[in-house]
Amino acid sequence: MYIPILFYVHMAQSAETSPGVSFGTDDETELILQSLEEFVEQEVKPIADDLGETLTNPRLGHEPNGRLTDEVLEARREVRRKSAEAGFYAMNMPEAVGGEDVSAVTWYRANKHLAKQDVPLASNVLAGPGGPKPLLAQAEGEQVERYLEPAMRAEKTTAFGQTEPGVGSDSPNMETRAERDGDEWVLNGQKQWITNAPYADFIQVFARTTPQEEAGRHGGITCFIVESDEYEIGSLNNAVGATGMQAEVHFDDVRLSDDRVLGSVDNAFYDAMSFLGLGRVEIGATAVGHAEWLLDEATNYANEREAFGEQIGQYQAISHKIARGRANALAADTVGLKCAWLLDQGEPAIAESSILKWFASNAFWEIADDVVQIHGANGLAEENPFMDRLHRARIQRVVEGTDEIQLNTIAKQYGVEM
Amino acid sequence: MYIPILFYVHMAQSAETSPGVSFGTDDETELILQSLEEFVEQEVKPIADDLGETLTNPRLGHEPNGRLTDEVLEARREVRRKSAEAGFYAMNMPEAVGGEDVSAVTWYRANKHLAKQDVPLASNVLAGPGGPKPLLAQAEGEQVERYLEPAMRAEKTTAFGQTEPGVGSDSPNMETRAERDGDEWVLNGQKQWITNAPYADFIQVFARTTPQEEAGRHGGITCFIVESDEYEIGSLNNAVGATGMQAEVHFDDVRLSDDRVLGSVDNAFYDAMSFLGLGRVEIGATAVGHAEWLLDEATNYANEREAFGEQIGQYQAISHKIARGRANALAADTVGLKCAWLLDQGEPAIAESSILKWFASNAFWEIADDVVQIHGANGLAEENPFMDRLHRARIQRVVEGTDEIQLNTIAKQYGVEM
Amino acid sequence: MPVSETEVHDLIRRSVRELAAEYDADYWREHIDQKRFPGSYWQDLADNGWLGVAIDEEYGGEGMGMHEMTIVIEELSRAGGQGGIIFILTPVFGGISIQRHGTDVQKREYLPEIVDGNCRFCMGLTEPNAGTNTLSIETTAERDGDEFVIHGEKTFISSVETADEMLLVARTSELDPSDPTRGGTLFLVSDPAERDAISLSTLDTAVPWFEEQYRVNIDGLRVHEDDILGTEDDGFRLMFDTLNTERIAGAASALGDGLRAVDLAVEYANDREVFGQPIGAHQSVQHPLAESYAKLLAARQITYSAAAKWDRGEDCSMETNAAKLLSSQFSTEAASQAIQTHGGNGFTKEYEVYDLWQNARVTETVPVSNEMAKNHIAEHHLGLPRSY
Amino acid sequence: MPVSETEVHDLIRRSVRELAAEYDADYWREHIDQKRFPGSYWQDLADNGWLGVAIDEEYGGEGMGMHEMTIVIEELSRAGGQGGIIFILTPVFGGISIQRHGTDVQKREYLPEIVDGNCRFCMGLTEPNAGTNTLSIETTAERDGDEFVIHGEKTFISSVETADEMLLVARTSELDPSDPTRGGTLFLVSDPAERDAISLSTLDTAVPWFEEQYRVNIDGLRVHEDDILGTEDDGFRLMFDTLNTERIAGAASALGDGLRAVDLAVEYANDREVFGQPIGAHQSVQHPLAESYAKLLAARQITYSAAAKWDRGEDCSMETNAAKLLSSQFSTEAASQAIQTHGGNGFTKEYEVYDLWQNARVTETVPVSNEMAKNHIAEHHLGLPRSY
């Protein structure tokens, strides 16, 4: 027999209950967001203003091969260093390594908040793929002083060397190999689409150290720290919308001692997988932030621009695009918060972070497309930022696992046998 | 100057922080959900099993005009009464009127949980449009004993008389009028699409008592309690997927004393608007529950059914439909939780509940369509529940404010001048 | 002066519309509710020559082709009821198959009867274990002298009880992997419902049709070799040829439904006033209808192009699959949008749009799912690897 | 034996493809990067008669129509580069307008030069305050003796510096609400970039074209009345006629881009192997391509049907708007899907699909937004109330 509900309710009220649902913003996060905004205004904006059009005109700020110019690189460095000094840059890292140990929820909100600032260079305030991530927190012995600490202080930047030309999404099939020779490792292979590679001081490179047949598909991969004078940068992989950010990297008989192994031998793929959720939370946060900013811009435009004698916001072809965008952005935001909360509970959030990646990227993409359309020919004009955002959104649906790979993961995680 | 973050973090840690984000399930809710499931299994299922095909075959269980047969009505009544006895039925109502005062979050979760039970009649366990809602909690004096209390005990059911043939979504333009005659009101008018009207003991009828020119568009409307022997039921409005549930109601010189005014004169539209969020949270919960149940069914089918020598789940045309559905269902669920939480905080959640209504209904609709498609011809077959769910999903995009009206609301709430 | 093709087509449209206008919603509702064949309508189609539109003049037909039949079906369907889809079994499966593949004797026996409306067909193809993959049917026909003995089970078969003939597909030779489309044979079976070796049970489907759907059990049915359509073991190939016309006809019917949904929604949107103006003045109401209309007209053009190619004897499988895929998708969208336009009224029997949507929705799944259509296009027309 | 229309069209396709194959991706990349007009390509088009495909034989053209020009544009565009869209300014705006509305003198002066590739046009229509609503242009032309004096500002004008002629739209009479399409006049302005009364500034747009876009300031430009195309005050009506052909040509170009995107994606999906098989074997890769291909073929049919109607002098505005709406939408979808198929490589210059997507995306907004196309269909073809 079921027991009437009254019993439960009264029992529950007398006991200590576990926390239920909340969408509040705790004081700490509130203060951080406010402080970030002030930091951008007072520290980042002057640097960006100094550079002016260099940061927004696609024919400026880059070498012919796409590489960022020295003056842009220096500006980015300065922003990062100031942010590290102020305690923002890698505040999600553990206190033990010099971070602030802020929660994933706070980190999500901070990333989203920055993406809503219409100040070039603001994206450098929080550590992105070039900054220290939990993988690097595994640093031991001399690695701490040489790599982890300078990365935390933004004095050095890094990169993750995983993607390869031949294998794409099928990364366990990588061809980069490190073989034992005496008490050293010899690393050979080629990576591509490596973010921050052209500017990094060192790269965290994934290489197969034990064959799949012995170690299994995901075993047998080790992460090595390789310094910039030990590898060659090949062609830049200039994605439209992210020119100069990625490049090919060549490793040609690079000899590395054991103290270059980050974490434990043969285990790097598992380590990396356990931090995957965090990367997706960052992507989701950025997508939602950009989306909300675009919707604000579109709303202003819809209220100002007139056609056929009316503000264009009066036409449902305009206002309903904004409304759908708001609905999808809000949904993406709540999914982002759920993912971040799960990470804070120590859950891997594999399904949820794939859902966030897919959902938020697609919401951003559709919103960016609609906001271009709302602005008409002005939406296409280079001097406005809308096509730039559309390019970024388009990239988001491919990098860090394409839409299709995310859907595969979601289906599997929910029990579809594939 | 900005103040370095360290200061804030340490300050925040020493102070009492307001609650941050949480997606947990408190013990009380956990127990309620579990108990509901047992209730359905032990109390509802036997009643449904007794009726068998009567509840699922569209050619049974209804009179030719669509009205539910007496045996079905009696079964629904029995489920409601048992649920009220067990304390579930109107547990979201205040304790003062006999409810359990459970939070909107718990109410949301309970509604969603029930929608996932594949037991006919389970939808009668929690008070729907025929049950007591906050509007009725305004009952005073003799209204408490005569209407509110029997409704709480599920001895009487009610209905909301708002929609009219001529005005649809534009309900402040209603033509139903109540005019003062001595110390009575004389009510005249016609309503349609009134849920539970054919079976209700009394209807909460909205009528204009002061002209728009004097009271403004949303003012001047009063809610009257009208008993079943005082009005005529017209044709049933049989929506495909909800046959027998709605009807036209005619009020022809109905004379009502002052003690039939629910709440205060001329104020009913504002009262009703402030409870709108709750209704949308219920719709959202039901949509998400049905969607999750459909995805479970589709997953089982995809893992069992073979075509061309493989389980059909192996084909991305199948598995990606499920994955997209999972992503959208999760997003809808997080939006539902956010809305419910906002209501618990005393917020009206106007934008958010419109977003929930739009997003969850459309997610349910797309998922139901995909699940029909995944099942092939079996998806179309009447003996399977998939077309029935698709019909219900289709209805959701129209009732309680169409998609278009929700998008208008969202756009306006986010500052588009329309 | 010879009348141009365009003028002939306009004439067909006009006269078909006039015929269809005689049969109102009540007529169709009555036949659907009672699952009764619309006999007077059928006879009217025959008397006006439409059942024989694609049958040669020497057998009493009009001697035109699939292009014209497509226009007839589209217009009948756009006029309401089940007037378009009704063509599939007899003029398409029966008429087209016999016209193209029958012996002279068979042509003389059946075609004039089809033209006159005296002979109705049903189609025995789908099986419980062979939905999409026709080649995996398990019904067998074994030769016994100059007869064949047939065993097997068919499902989702329409109109068996009212049919004069069944076109039955059975396997007469084992699957040969080196020539997989060989080994099937088409049999003409008269008065199928009255055969002792055939037993029927009705199936419930959630779609408003005037026809019952049956499961058909065949146990020892004897058919003479003269009643083979085409040649023994070559039935799959003939069937695939006819299936193209089934899909073209299905697309035409879906298009008619979709266009009717737009017509009805436009009428409603012009009449219904809320917030002081017709709801059709709102872009959220009118833009989706405009887009649906544009899409349906484009799908119509490719359907005509499929039919014209079939008439010229060219390979029309790309156009046919595109027509099948797009007409079902666009019509379902259009009908769903028409429901949305009608608000709550969209869900009632009074405003037909819900029936249109239900009928359109079916066409995304049958006679073949849209996923299979995409598989076909990808593999055979884009040259991508087989994915299933 | 007369060659059938289908055979002529196949011939056009084949020979256009051969011509286009001579100009590779590097050729186009170079011209886009340097914003340089592709002169050798242009001359090749002229030498093969394609620039004059729709110009009468008496002026040296081929004497065919928009249907054939549509095929030419589609195939050039499908072959890559900017080969399709290049037709808009000269053969369409210049050629079609003069062929239909020019005086005999104007025809003899301009048409042979267009055919030979010696005369290139630009189009002075769009204004800062009159994007979608042509009737609200503010550029005025006031009569002064047998000349007109023109003042105003135009924006998003392509190729002014390289054009030999500008077709300039100006208002010659105040708006008359009872006859709103009256009051505009088309002027032929030679060597626009060299006129003292015209000053230019370049605009940045985020699209990979070989042409600069300009803002054009006109301050006291004098044009002789003999250089009016058509008649005074009747320019808007002529313009609306020509705008149909602009949209048909734009649709053809978008279709070619979309088909090219599918072609490139199919090639890549067959070559690229991940997880041990070509990625094209996955349904999530191949089904969207199959669907895009089907949609593009349907949009192509309605584009041809628009062009054929225009050639016959029939009202083609329904088909033209449907072609505009659907070809831009389906091509953008196809190109975005092609990017997705290419993964990271989709974003690089090496694999052209990103350029295709950027070009296709523009066609959803220009020459008129898809929302305006839907407004037109809803109001003029479905009979719904005006919504704007």
Side-chain angles (χ1 to χ4, degrees), chain C residues 6 262-263 265-267 269-270 277-306 308 312 314 318-319 321-327 329-330 370-371 373-388, chain D residues 6 262-263 265-267 269-270 277-306 308 312 314 318-319 321-327 329-330 370-371 373-388:
Chain C
T6 316
V262 173
D263 294 342
V266 166
E267 196 183 320
N270 272 326
Q277 54 180 334
I279 59 171
H282 297 289
Q283 292 182 328
S284 66
V285 172
Q286 70 166 232
H287 279 194
L289 294 175
E291 182 169 334
S292 275
Y293 188 58
K295 285 176 165 174
L296 289 165
L297 294 195
R300 179 163 82 171
Q301 288 304 125
I302 203 154
T303 306
Y304 292 163
S305 139
R312 293 198 300 267
E314 297 172 18
M318 177 60 220
E319 288 78 7
N321 275 287
K324 194 274 156 206
L325 172 67
L326 300 180
S327 66
Q329 198 170 309
F330 296 161
N370 283 353
E371 287 73 18
K374 290 186 217 177
N375 281 337
H376 184 96
I377 293 170
E379 186 182 348
H380 298 288
H381 300 285
L382 295 179
L384 286 164
R386 184 178 165 102
S387 69
Y388 58 99
Chain D
T6 317
V262 173
D263 294 343
V266 165
E267 196 182 322
N270 272 325
Q277 55 181 332
I279 60 171
H282 296 289
Q283 292 182 328
S284 66
V285 173
Q286 70 167 232
H287 279 193
L289 295 175
E291 183 169 333
S292 275
Y293 188 57
K295 284 175 166 175
L296 289 165
L297 294 194
R300 179 163 82 172
Q301 289 303 125
I302 204 155
T303 306
Y304 292 163
S305 138
R312 293 198 299 267
E314 297 171 17
M318 177 61 220
E319 288 77 9
N321 276 288
K324 193 275 154 201
L325 173 67
L326 300 179
S327 66
Q329 196 169 310
F330 296 162
N370 283 353
E371 287 73 17
K374 290 186 217 176
N375 281 338
H376 183 96
I377 293 170
E379 186 182 346
H380 298 288
H381 300 286
L382 295 178
L384 286 164
R386 184 177 166 101
S387 69
Y388 57 96

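Note on naming: letters A, B, ... go to the chains in the order of the sequence lines (proteins, then strands), and numbering restarts at 1 for each one.
At a 4.5 Å heavy-atom cutoff, the contact between Phe330(C) and chain D is made by side-chain atoms alone. Both the backbone and the side chain of Leu384(C) come within less than 4.5 Å of a heavy atom in chain D. In this structure, the portion of Leu325(D) lying under 4.5 Å from any heavy atom of chain C is its side chain and not its backbone. Contacts of Leu326(D) with chain C are made by side-chain atoms alone, with heavy-atom separations under 4.5 Å and no backbone atom involved. Contacts between Val285(C) and chain D at a heavy-atom distance below 4.5 Å are absent for every atom of the residue. When heavy atoms are compared at a cutoff of 4.5 Å, Asn375(D) approaches chain C by way of both its backbone and its side chain. Contacts between Asp263(C) and chain D at a heavy-atom distance below 4.5 Å are absent for every atom of the residue.
With values rounded to the nearest 0.5 angstrom, Ser292(D) atom OG is found 10.5 Å from Ile377(C) atom CD1.
Counting only distance, with no hydrogens or angles, the side chain of Gln286(D) and the backbone of Pro385(C) share a donor-acceptor pair below 3.5 Å. Between the side chain of Glu291(C) and the main chain of Lys374(D), no donor-acceptor pair closer than 3.5 Å is present.
Of the listed residues (Ala298(D), Ala373(D), Gly280(D)), the one with the most heavy-atom contacts under 4.5 Å to chain C is Ala298(D). Here Glu371(C) is the residue among Glu371(C), Glu379(C), His376(C) with the most heavy-atom pairs under 4.5 Å with chain D. Heavy-atom pairs under 4.5 Å with chain C peak, among Ala378(D), Ala322(D), Pro288(D), Ala299(D), at Ala378(D). Taking His381(D), Gln329(D), Arg386(D) one by one and counting their heavy-atom pairs under 4.5 Å with chain C, the maximum is reached by Gln329(D).
Heavy-atom contacts from other residues, nucleotides or ligands closer than 6.0 Å to CD of Glu314(C) number more than 12.
Between Pro278(C) and Ala269(C), the shortest heavy-atom distance links the atoms CB-O, 3.5 Å.
Each of Gln277(C), His282(C), Gln283(C) was scored for a side-chain hydrogen bond (donor to acceptor under 3.5 Å, both in side chains) with Ser387(D), with one residue passing: Gln283(C).
Looking at Tyr293(C) and Leu297(C), their side chains come closer than 4.5 Å, going by heavy atoms from C-beta outward.
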Exercise. Under the side-chain contact (heavy atoms from CB on, under 4.5 Å) criterion, do Gln301(C) and Tyr304(D) qualify, and how do the steps go?
Worked result: CA-CA 9 Å; Gln301(C) 288 304 125; Tyr304(D) 292 163; over 6 Å; no
